[in-house]
Protein chains: 2
Amino acid sequence: MPPPAGRARQLTIVGVGLIGGSLGLALRQARLGYAVVGHDREHSEAGKAKRLGAVDRTEWNLPAAVEAADVVVVATPVQAIEHVFRDLAPYLKPGCVVTDTASTKARVVDWAEEILPASVRFVGGHPMAGKETSGVGAAEAKLFQGATWCLCPGSSADQAAIEEVASIARAAGARPFFVDPAEHDSYVAAVSHLPFLMSVGLVRLASESPIWRDLARVASSGFRDATRLASGDPVMHRDICVTNRESILRWIAAYQAELSELAEAIGGDGADLERAFSEAKAARDDWVEARKRRAETT
Amino acid sequence: MPPPAGRARQLTIVGVGLIGGSLGLALRQARLGYAVVGHDREHSEAGKAKRLGAVDRTEWNLPAAVEAADVVVVATPVQAIEHVFRDLAPYLKPGCVVTDTASTKARVVDWAEEILPASVRFVGGHPMAGKETSGVGAAEAKLFQGATWCLCPGSSADQAAIEEVASIARAAGARPFFVDPAEHDSYVAAVSHLPFLMSVGLVRLASESPIWRDLARVASSGFRDATRLASGDPVMHRDICVTNRESILRWIAAYQAELSELAEAIGGDGADLERAFSEAKAARDDWVEARKRRAETT
């Protein structure tokens, strides 16, 4: 959406950490014509975002940051979003487009319906990208390149609002993917939240074992990669688990059953195991290839 | 051990894939003075090893490859080792040092005691390094840099043989770690074989789900890393599981209990979860740091 002649549209990012900061960098590089304003509860993080070029300017006061905004992107941990919505609701301009980047969507869409004024248009968002380091210092303009960006329009969202949020996702190099909030939460429970918990489980199992000293010495690149997600932000992941309990617990149970099947095959003569391993390798290799092709054609 | 004046000691690598090929490259670069001979059941793989500079020459015939060898390194999948030992036993020179690079050690040490002639000195080995791509095309001289190289001397090994195998590990950039074969197998079950099975389990869970098409689209770098090990060689991993059943099944059961504990915490108010995630992050970050320091001081 081109800015109206004469003045730039204002886009305010609330929470300029890894995701908010990377979005700011990407949008400023894409030259969509937004004036990008950054706000963060941590003043030092906001200042760093300014120095790194992730925002055009910062506002230390939340009402001042959002009152003139045409678009507000809330990029905080999930559980903070309810409070942020309450804090900013009285100050939003009528017609303002609000989106977020949180890892779960059903609760966020509910909060938007409940808290945001009817004059505001909400489109939930979730870019499928990240890394285990947090904070704006780890932000990069290319973080979303080739990624899927899930979009869950609220009941207040019209076509123009949906298109504006989709164009922001595309400007960051991602592909918009429209999905129902409950389905979104089940999908990410399987491919994102369960892998995080698997990773935490392995670290706990190994590091709380009486032989950790020896295990740590023998552990190599396989252990490093299998545990990478466990180095992620504990607060963000606590929020994810608390706002996506049912889906996560369902997938954990299904995963434990899968491990039991593998354990049974290990008791066999090896033929079933080799078949299971070959099938998994083929499925994973195909997915990696398809993902590479998608990234190249974005 | 310096070569005797006048002729180079011959070191034969049986199985010049990722591990055997990388060892050949590392040893030739280190200029230990060995004449490195390569043998592989797949003639094309042996030829490729020669072209890539991983061996000085190849021998297509196993007896010819080992009969003049001072050191034999068996770098095949675990289950092939029993047959390789039977095939080469009649041709080994008295005093020859035999080692291997297989992922499990108890069975290999048993096979060595049972099959190799008493005049031969066996020191089991396992470099804790690898990647998900197999074959000599993926070999690199730096593969073992900073890695732990487990060593399990057999009853026939004297100090000179142990020192020669340790010096080979050091020349490849690794750190020798002497360990009992049964303990080795339990350690690697926890930090290497369990992570592989976790990875396979996640790929199977996701890819056999009726919603895989959507999951595949939403899956991102977290899924990629959590499933990386599932792209490993199916035959190698089948052999690992079959030769290390008891330890692996014990760790799978402990891991399932760990997941059940996490599931219970997810049902709580979030405080236990955040603590669990913070502890896991700290343990994992410490391990990564210590590993980095070890690699730098190797």
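Everything numeric here is computed off the predicted structure, so don't read it as measured data. Letters A, B, ... are given to chains in the order of the sequence lines, protein chains preceding strands, and every chain is numbered from 1.
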Problem set entry | Per-residue contact mode, B/Ile211 against chain A (heavy atom under 4.5 angstrom) | side chain
For this session: State whether a side-chain donor-acceptor pair under 3.5 Å links A/Thr148 with B/Arg217.
Result: no
For this session: Below 4.5 Å from any heavy atom of chain B, which atoms of A/Glu208 appear? Answer side chain, backbone, both or neither.
Result: side chain
Problem set entry | Max heavy-atom pair count under 4.5 Å with chain A, selected residue of B/Trp251, B/Phe223, B/Trp212 | B/Phe223
For this session: Among the options B/Ala129, B/Ala280, B/Ser231, B/Gly232, pick out the one with the most heavy-atom pairs lying under 4.5 Å from chain A.
Result: B/Ser231
Problem set entry | Electrostatic pair B/Lys105-B/Asp100, nearest N-O below 4.0 angstrom | yes
Problem set entry | Option among B/Thr243, B/Asp185, B/Asn244 that satisfies the side chain to side chain donor-acceptor pair (under 3.5 Å) test with B/Thr104 | B/Thr243
Problem set entry | Contacting moiety of B/Cys241, where chain A heavy atoms sit under 4.5 Å | both
Problem set entry | Considering all heavy atoms, the nearest A/Gln79-A/Trp111 contact | CA-CH2, 4.4 Å
Exercise. With a 4.5 angstrom heavy-atom cut-off, which part of A/Leu273 approaches chain B: side chain, backbone, both or neither?
Worked result: side chain
Exercise. Between B/Leu249, B/Thr227, B/Val288, B/Val188, which shows the greatest number of heavy-atom pairs under 4.5 Å with chain A?
Worked result: B/Thr227
For this session: Below 4.5 Å from any heavy atom of chain A, which atoms of B/Arg284 appear? Answer side chain, backbone, both or neither.
Result: both
Exercise. With chain A, which of B/Ile252, B/Asp233, B/Asp214 has the greatest number of heavy-atom pairs at distances under 4.5 Å?
Worked result: B/Asp214
For this session: Check whether B/Val191 gets within reach of chain A through its side chain, its backbone, both or neither, counting any heavy atom under 4.5 Å.
Result: both
Exercise. Highest number of heavy-atom pairs under 4.5 Å with chain A: which of B/Pro195, B/Ser207, B/Ala219?
Worked result: B/Ala219
For this session: Let me know if B/Leu259 has heavy atoms under 4.5 Å from chain A in its side chain, its backbone, both or neither.
Result: both
